[in-house]
Amino acid sequence: MTENAYTRRDDDDNYRRNGHGRQGVGSMTGTVLVTSGTGKTGRRVVERLAALGVPVRSGSRSGGVPFDWQDDTGWEAALRGTDAAYVAYYPDLAVPGAAEAMAAFGRTAAACGVRRVVLLSGRGEPQAVVAEEALRGAAGAVEVTVVRSAFFAQNFSEGALLDGVIGGELVFPAGTTAEPFLDLDDLADVVVAALTGDGHAGAVYELTGPRSLTFGQAAEELGRAAGRPVRYVPVTGPAYASLLEEFGMSEAEAGFLAELFATLLDGHNAATTDGVKRVLGREPKDFADVAREAARDGAWHG
């Protein structure tokens, strides 16, 4: 799942505990542009690069390095002088126009002399694959690595499902489908390994957590961690879209999200992968551990 409006808190929003992974800092230690640098994934990537001593530009709509996916006039300035870029496209690689944006970004990156790009993509999203290919096709000799993520575990502690956990009810259109929720710290570690280490050019990594849970099981884990009852309330896609509209989301965006979740949560993404272990040489973090850490950090004190 990419950094769409549902999953991220962006411009308004002990890395070394397990080690960076097998690759470490390799041949690419020049400046890195992190797009959506204050979002959930971008912020973590920025922190890790800075901890490694890698010069980093945190791009955002209102930050020190202006970068807006809806305004390509500032892309060249953000990319000029960088060796690599982390691409977290907003609102989602599956939306109309994403492939064109990826092609434009690829051309700009190549013209600016960027050598390496790591793209965040959604696991099991056919339209996102179209955008991936558009970036590759336009980037020429730029090394492109794609990281396809499962549903973020932190959506329950930092994203739109946070209020549901606090209120004790997770209303979501997932039925009984299982999902191998991914820890964003694991995702960020993989991204940094691909940005700074060798051997990742052209790779596509599908990242998941170590086990799959239904949303009902996830609610139980969250309740145990938060110390309060949390129950899962399944709804249909149209009912969920209507609910989002009641909370002020536009009809078009609500419909897109409901359709996206129907695509992602039909069972084809239920299996786990070894993507995290392939890159980092260790197992991904379990959902229960992510939930306990979020509770310890006060995520659900509201």
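Everything numeric here is computed off the predicted structure, so don't read it as measured data.
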Pairing residues for [X] by the side chain to side chain contact (heavy atoms under 4.5 Å, CB included) criterion, not counting sequence neighbours:
| X | answer |
| --- | --- |
| T236 | P238, A239 |
| R107 | A103, A104, A138 |
| S58 | T38, V46 |
| D297 | none |

Nearest-0.5 Å distance that lies between atom CG in D83 and atom OG1 in T196: 12.0 Å

Could you report the tightest heavy-atom contact between R136 and V204, atom names first, then the distance? NH2-CG2, 3.1 Å

Flag side-chain contact, heavy atom, 4.5 Å: L187 against L120: yes

Listed once per pair and sorted, the salt bridge (Lys or Arg N to Asp or Glu O under 4.0 Å) pairs that draw on residues 165-182, sequence neighbours left out: E169-R231

Keeping to residues at least two apart or across chains, list the salt bridge (Lys or Arg N to Asp or Glu O under 4.0 Å) pairs with something in residues 260-275. none

Applying ring pair (Phe, Tyr, Trp, His ring centres under 6.0 Å), which residue pairs with at least one partner in residues 274-295 are found, sequence neighbours left out? F156-F287, F181-F287

Does the plane of the ring in W75 sit parallel, tilted or perpendicular to the ring in W69? Use 30° and 60° as the thresholds. perpendicular

Let's go through D189 and R48 carefully: what are the C-alpha distance in whole Å and the side-chain angles of both, what is the deciding distance for salt bridge (charged side-chain N to carboxylate O under 4.0 Å, His left out) to 0.1 Å, and is it a yes or a no? CA-CA 8 Å; D189 286 350; R48 283 157 172 75; 2.6 Å; yes

Quick one: do S36 and Y89 satisfy side chain to side chain donor-acceptor pair (under 3.5 Å)? Show the steps, please. CA-CA 7 Å; S36 302; Y89 178 72; over 6 Å; no

Tell me every residue that passes side chain to side chain donor-acceptor pair (under 3.5 Å) with [X], counting only those two or more places apart in sequence or in another chain.
| X | result |
| --- | --- |
| E251 | none |
| E206 | R123 |
| D286 | R211 |
| Q127 | none |

Stepwise ring-ring contact (aromatic ring centres under 6.0 Å, His included) test for F261 and F256: CA-CA 9 Å; F261 294 137; F256 165 75; 8.7 Å; no

Any sub-3.5 Å donor-acceptor pair from T177's side-chain atoms to L265's backbone N or O? yes

Pair listing, side-chain hydrogen bond (donor to acceptor under 3.5 Å, both in side chains) test, anchored in residues 256-265, at least two apart: none

